[in-house]
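Read through the structure below, which is laid out as structure tokens, and then see the notes.
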Amino acid sequence: MSFQTVFDNATSIRINKKKKVSVTTSRSGVVKSTSLGGQIWEFEVKLPDGPRYSEYRPLVEKMEALDRVTTETIQISQSYITGYQGDVSNITGATATFTSGNTISITSGLTATSGFRFKAGDLIQLGSGGSVYSVAQDASFNQNVITLNRPVLESSGSYSLIVGPSVSWEVLCVSYPEYTIFGYDQISWSGPFVFVEAI
């Protein structure tokens, strides 16, 4: 789990999950935008400069073996980024169905008597190894239909739900910075690592 260590030790994580769009401006000043499809997760992750190279050396070798051609499963364990915000006490064992579009319907689990089932920004994964989605709108405790940030990529059917910090992404490193050994036994990086969701 080498790329996981990059996320675990990150000094910053930039997350981009916006739609890819093309914007044009006519000579008269009319602006038009068109969706280009896609809408995958992209992570720009910076490692700290200055740790001991001797400690990072095995990690560097494992990362270089993966390089930019091998996918790896990662999680973001920082609870302030992925923590569940709703009012359900047991977020395990839930199931949902999907037909089309960017909504799913909760069929079992995730029960509460007040508050919210999900709050905007909560993370959901459809099945083990499925794609990860963020909740786009607050969903009250008795609301079964959940609106997600993008169209669902999985086939229509029933799925177990993974919620919050337990979700995982299959990613590919598309930009791998160079490292420099400096001072005495210290390592620095030429820039951030960039990972994209492998679909």
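Worth saying up front: this structure is predicted, and the values here are computed from it rather than measured.
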Item to check | Within one Ile-Leu-Val-Met-Phe-Trp-Tyr cluster: Leu59 and Ile74, side-chain cutoff 4.5 Å | outcome: yes
Checklist entry - side chain to side chain contact (heavy atoms under 4.5 Å, CB included) with Thr71: which of Val171, Val196, Leu172? => result Leu172
Checklist entry - Do the side chains of Tyr56 and Leu47 get nearer than 4.5 Å, heavy atoms only? => result yes
Validation: residues 135-142 side-chain donor-acceptor distances under 3.5 Å, sequence neighbours left out:
from: Asp138; atom 1: OD1; to: Ala120; atom 2: N; distance (Å): 2.8
from: Ser140; atom 1: OG; to: Asn142; atom 2: OD1; distance (Å): 2.9

Checklist entry - Looking at Ile199 and Arg150, what are the two nearest heavy atoms and their distance? => result CD1-NH1, 4.3 Å
Checklist outcome for this item: Sequence neighbours excluded, the answer for ring-ring contact (aromatic ring centres under 6.0 Å, His included) partners of Tyr133 is none
Checklist entry - Do the side chains of Ile15 and Ile13 get nearer than 4.5 Å, heavy atoms only? => result yes
Checklist entry - Among Val145, Leu161, Thr97, which one satisfies side chain to side chain contact (heavy atoms under 4.5 Å, CB included) with Ile104? => result Leu161
Checklist entry - So if you build clusters from Ile, Leu, Val, Met, Phe, Trp, Tyr with side-chain heavy-atom gaps below 4.5 Å, do Phe116 and Val88 land together? => result no
Item to check | Point-to-point distance, once rounded to the nearest 0.5 Å, from CG of Asn9 to CD of Gln4 | outcome: 10.0 Å
Checklist outcome for this item: By salt bridge (charged side-chain N to carboxylate O under 4.0 Å, His left out), Glu178 pairs with (sequence neighbours left out) none
Item to check | Residues that Arg57 engages under salt bridge (charged side-chain N to carboxylate O under 4.0 Å, His left out), provided they are two or more places apart | outcome: none
Checklist entry - Who pairs with Asn102 by side chain to side chain donor-acceptor pair (under 3.5 Å), at least two apart in sequence or on another chain? => result none
Next on the checklist: Taking Val6 as the starting point, is it possible to reach Val69 by hopping between hydrophobic residues whose side chains are less than 4.5 Å apart?
Outcome noted: no
Item to check | Any side-chain heavy-atom pair of Ser131 and Glu154 under 4.5 Å | outcome: yes
Checklist entry - When rounded to the nearest 0.5 angstrom, what distance separates CD1 in Ile187 from CZ in Arg52? => result 13.5 Å
Next on the checklist: If the condition is side chain to side chain donor-acceptor pair (under 3.5 Å), which residues does Thr111 pass it with, not counting sequence neighbours?
Outcome noted: none
Next on the checklist: I need the full list of ring-ring contact (aromatic ring centres under 6.0 Å, His included) pairs touching residues 57-111, with sequence neighbours left out, sorted by first then second residue.
Outcome noted: none
Checklist outcome for this item: Distance col, row Ser168:OG vs Glu72:CD, nearest 0.5 angstrom, shows 11.5 Å
Checklist entry - Residues in side chain to side chain donor-acceptor pair (under 3.5 Å) with Ser77, at least two apart? => result none
Next on the checklist: Is the shortest side-chain heavy-atom distance between Asn149 and Gln39 below 4.5 Å?
Outcome noted: yes
Next on the checklist: Ignoring hydrogens, what is the shortest heavy-atom contact between Ser134 and Leu123? Give both atom names and the distance.
Outcome noted: CB-CD2, 3.9 Å
Checklist entry - Between Arg117 and Asn144, is any pair of side-chain heavy atoms under 4.5 Å apart? => result yes
Item to check | Interatomic spacing from CG in Leu148 to CD1 in Ile124 - rounded to 0.5 Å | outcome: 5.5 Å
Checklist entry - Which atoms form the tightest heavy-atom contact between Phe182 and Gly50, and what is the distance? => result CZ-CA, 4.0 Å
Next on the checklist: Could you report the tightest heavy-atom contact between Gly83 and Asp122, atom names first, then the distance?
Outcome noted: O-OD1, 3.7 Å
Checklist entry - Closest approach of Ser2 and Leu66, non-hydrogen atoms and distance? => result OG-CD1, 3.0 Å
Item to check | Separation of Leu110 CG from Ile91 CD1 (nearest 0.5 Å) | outcome: 8.0 Å
Next on the checklist: Applying salt bridge (charged side-chain N to carboxylate O under 4.0 Å, His left out), can you list everything that pairs with Glu170, at least two apart in sequence or on another chain?
Outcome noted: none
Checklist entry - Could you state the interatomic distance from CD1 (Ile146) to CZ (Phe118), rounded to the nearest 0.5 Å? => result 5.5 Å
Next on the checklist: Test your reading of the model: is there a side-chain donor-acceptor pair from Gln125 to the backbone of Val132, 3.5 Å cut-off?
Outcome noted: no
Checklist entry - For Phe193, what residues pass the ring-ring contact (aromatic ring centres under 6.0 Å, His included) criterion, not counting sequence neighbours? => result Tyr176, Trp189
Next on the checklist: Is any side-chain heavy atom of Met63 closer than 4.5 Å to one of Cys173?
Outcome noted: no
Item to check | Phe7: ring-ring contact (aromatic ring centres under 6.0 Å, His included) partners, not counting sequence neighbours | outcome: Phe43, Phe195
Checklist outcome for this item: Heavy-atom closest pair (Val60 atom, Tyr179 atom, distance to 0.1 Å) is CG1-CE2, 3.4 Å
Item to check | Test side chain to side chain donor-acceptor pair (under 3.5 Å) applied to Ser108 - qualifying residues, sequence neighbours left out | outcome: Thr95
Item to check | Non-hydrogen side-chain atoms of Val45 and Pro192 separated by less than 4.5 Å | outcome: no
